[in-house]
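Everything on this sheet refers to the single structure shown next.
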Amino acid sequence: MKLVEVEGLIQRFGDVVAVDGLTFSIEAGEAFALLGPNGAGKTTTIRVLVTLLRPTAGSVRIAGLDVTRHPTRVRRVLGYVPQTLSADGSLTGYENLLVVAKLLRIPRAERERAIADVLELVRLEEAADRLVRTYSGGMVRRLEIAQAILHRPVLLVLDEPTVGLDPTARRSVWDALKVLRERDGTTLLVTAHYMGEAELYCDRVAIMNRGRLVALGTAGELKAQAGGAATLDEVFTTLTGDTLESGGSYSEVRQLRRRLRRFG
Ligand SMILES: Nc1ncnc2c1ncn2[C@@H]1O[C@H](COP(=O)(O)OP(=O)(O)OP(=O)(O)O)[C@@H](O)[C@H]1O
Ligand SMILES: [Mg+2]
């Protein structure tokens, strides 16, 4: 079953065409990576999918629901971890989750159970009563994942979940996502700058450049398409004339700065 269906998606901002005729679909249960250099249109695409932006043209259906016609119902079936920070440093992890549970109108009788459940999944039980500003980057990201899955969505959308994290923290984020997939069968849509992670943890990879899809397939298929490239990084360079690492640095710095400002 196709859980996400994007057809001919176009998103303009004035003269800028951020997304230029994008078509792809994601199967239920899949982990799908959307890759591309800075400004490729990844975040814009995701913002349309999670109903924060109304598309200029084209259509997007999630679980059969059109995102422009049924935004409220779409929001109920998905969870979203934005590129920018979404946890409050002046509250504890538990308090952040309680706020989200109330916003989501999770019935009072179910709240504690739901919060304990996600805290366990992301392995933050012991840190739950600490202020989030004392958390490491990986812990903050895991808390944000916990916030996004409190209502048990069938689709979890994450915009650069591991950017600016050290390898151990990145690993802890992917471990949490793996448990989520195994336990609930949650479908994942992840944007990333690290090709290695897409290859390790995702079933299929789409590469975007200037608002268009330039490749789509398993890591193995993409390498074969790019003339037997040894790594996904090579595929990326061949297809976009850019390198992910050089493209990624600015947004990483930007993200780190935001984090430091928020928690400093
Ligand atoms: N609200 C907006 N108004 C005007 N232009 C925008 C807006 N949002 C995005 N853009 C432009 O659309 C293009 C795609 O941006 P987008 O943020 O989707 O890229 P991205 O692939 O997520 O990049 P990054 O890797 O830096 O996060 C860029 O040229 C960007 O400047
Ligand atoms: Mg982005």
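Atoms within each ligand, like the ligands themselves, are counted from 1 in listed order.
Here atom 28 (C) of ligand 1 lies nearest to Gly39 when heavy atoms of Gly36, Gly211, Pro37, Gly39 are compared. Between the choices Leu35, Val16, Asp15, Ile46, the shortest heavy-atom distance to atom 29 (O) of ligand 1 belongs to Val16.
Heavy atoms of other residues, nucleotides or ligands lying less than 6.0 angstrom from CD of Glu182 number more than 12.
Sorted by first then second residue, the salt bridge (charged side-chain N to carboxylate O under 4.0 Å, His left out) pairs that include residues 217-229, not counting sequence neighbours, are Glu199-Lys223.
Between Ala18 and ligand 1, no pair of N/O atoms sits closer than 3.5 Å.
Within the 2.8 Å limit, Thr43 places at least one N, O or S atom next to the Mg ion (ligand 2). For residue Thr44, no N/O/S atom approaches the Mg ion (ligand 2) to within less than 2.8 Å.
If you check the side chains of Thr43 and Gln83, you find a donor sitting under 3.5 Å from an acceptor. Side-chain contact, Asp159 with Thr191: a donor N or O sits under 3.5 Å from an acceptor N or O.
Ligand 1 places these atoms under 4.0 Å from at least one heavy atom of Thr43: 17 (O), 18 (O), 20 (P), 22 (O), 27 (O).
Residue contact check for ligand 1: Glu160 places a non-hydrogen atom closer than 4.0 Å to it. For Gly41, the heavy-atom gap to ligand 1 drops under 4.0 angstrom.
Only the side chain of Gln83 comes within contact range of ligand 1, with a heavy atom under 4.0 Å; no backbone atom does.
Screening Arg181, Lys2, Arg204 for a side chain to side chain donor-acceptor pair (under 3.5 Å) with Glu30, the sole residue that qualifies is Arg204.
Across all non-hydrogen atoms, the minimal contact from Leu158 to Ile145 is CD2-CG1, 3.7 Å.
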